[in-house]
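Structure, as structure tokens:
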Amino acid sequence: MIVEIVILAMIAAFLGLRLYSVLGQRAEQEEEPVPTRFEQPAQRDMAEPMPAKVVQPPQVHLDGALPAVERGVREIAAADRSFDVTSFVDGARAAYAIILDAFWRGDRDTLQELCDDDVYAGFAAAIAAREAAGETLDNKLIRIEESRIHAATLDGRMARIAILFVADIAAVTRDKDGNVVAGSLDDAVESRDIWTFSRPLDAAGPNWLLDETDEG
């Protein structure tokens, strides 16, 4: 009987040691903190913020231009990053030639596309008066001697730039029978015009319109 008691005691002690070893290890594992998905690894450094990009004002230099003109062009270039002075002046020279030719030929459609309502109305009235008198213009633009920015302003989102054109033009007026009543194709006359082009900077298209004409 004593031997059986001793054997049972040894078995109980063995089972107790096994249970302790299993439960004890599990308890130790459960006590370890479980990282959540919001915790950052200790070894990862915080990302440094990127420095803010500094936008440099556009550099505009116009040879011989008054400070007010240069300032106006700089304001337009700052408000419209696609604006380029050289491209604008080249486009204005092309528009000058196209508009003059359209006016001489009485091409109202082209004038309406390139001019604002007031300027177009003036051109259309002159064409109508010429047609009523039975006269036609046989003019020719010989060359543009000079084209430079005369003034530039930005009023809100409306940009306006005036260009001084100095050009040689041969002008001839003919009557209904084709006879020359004024001018000569052999003698070109110097013409000085100040044309002002305007464009809303938030407009969908890139085109500028002629909105004022004056003599230079």
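Residues that satisfy the salt bridge (Lys or Arg N to Asp or Glu O under 4.0 Å) test with Asp107, not counting sequence neighbours, are Arg105. Contacts of Glu131 classified as salt bridge (Lys or Arg N to Asp or Glu O under 4.0 Å), with partners at least two apart in sequence or in another chain: Arg108. Partners of Arg174 according to the salt bridge (Lys or Arg N to Asp or Glu O under 4.0 Å) rule, which considers only residues two or more places apart in sequence or in another chain, are Asp138. Under the salt bridge (Lys or Arg N to Asp or Glu O under 4.0 Å) criterion, Glu135 pairs with no residue at all, not counting sequence neighbours. When the side chain to side chain donor-acceptor pair (under 3.5 Å) test is applied to Glu212, the partners found at least two apart in sequence or on another chain are Arg160.
Between the side chain of Asp177 and the backbone N or O of Asn179, no donor-acceptor pair lies under 3.5 Å.
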Original post:
Are Arg130 and Thr136 close enough, and set up right, to give a side chain to side chain contact (heavy atoms under 4.5 Å, CB included), and what steps lead you there?
Top reply: CA-CA 7 Å; Arg130 193 170 68 218; Thr136 59; 5.8 Å; no

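Between Ile169 and Leu100, the closest side-chain pair of non-hydrogen atoms falls below 4.5 Å. Here the side chains of Leu201 and Arg199 are in contact, with some heavy-atom distance below 4.5 Å. At a threshold of 4.5 Å between non-hydrogen side-chain atoms, the residues Ser198 and Asp116 do not count as touching. Contact annotation: the side chain of Ile163 approaches that of Ile149 to within less than 4.5 Å [non-hydrogen atoms, C-beta and beyond]. In this structure, Pro200 and Arg157 have side chains that are not in contact, with every pair of non-hydrogen atoms separated by 4.5 Å or more. Leu210 has its side chain out of reach of Thr196: every pair of non-hydrogen atoms, C-beta onward, lies at least 4.5 Å apart. Considering only heavy atoms from C-beta on, Val73 stays 4.5 Å or farther from Ile76 through its side chain. Taking 4.5 Å as the limit, some side-chain heavy atom of Leu111 sits within range of a side-chain heavy atom of Ile127.
Criterion: ILVMFWY side-chain heavy atoms under 4.5 Å apart, direct or through other members. Under it, Val119 and Leu164 are not part of a common hydrophobic cluster. Residues Leu66 and Leu154 share a hydrophobic cluster, clusters being chains of Ile/Leu/Val/Met/Phe/Trp/Tyr side chains in contact below 4.5 Å. Both Ile98 and Val89 are assigned to one and the same hydrophobic cluster, defined by single-linkage of ILVMFWY side chains at heavy-atom distances under 4.5 Å.
Counting all heavy atoms, side chain and backbone alike, Ser184 lies closest to Ala170 at O-CB, 4.1 Å. Shortest non-hydrogen contact noted between Glu113 and Leu209 is O-CD2, 3.3 Å. Considering all non-hydrogen atoms of both residues, Glu190 and Asp168 come closest at CA-OD1, 3.9 Å. Here the closest heavy-atom approach between residue Ala152 and residue Val69 is recorded as CB-O, 4.0 Å.
In Asp202, the CG atom is crowded: over 12 heavy atoms of neighbouring residues, nucleotides or ligands sit closer than 6.0 Å. The environment of CD in Glu215 is sparse: at most 12 heavy-atom neighbours from other residues, nucleotides or ligands sit within 6.0 Å.
Evaluation of the ring-ring contact (aromatic ring centres under 6.0 Å, His included) test over residues 67-113, restricted to residues two or more places apart or in two chains, returns Phe83-Phe88, Phe88-Trp208, Tyr96-Phe165, Tyr96-Trp195, Phe103-Phe123.
Atoms SG and CG, from Cys115 and Asp211 in turn, are 9.5 Å apart once rounded to the nearest 0.5 Å. Interatomic distance, CG of Asp101 versus CG of Leu137, reported as 11.0 Å (0.5 Å rounding). Asp84 contributes atom CG, which lies 8.5 Å from atom CG of Asp90 (distance to the nearest 0.5 angstrom).
With no hydrogens or angles considered, a side-chain donor-acceptor pair links Asp193 and Ser191 at under 3.5 Å.
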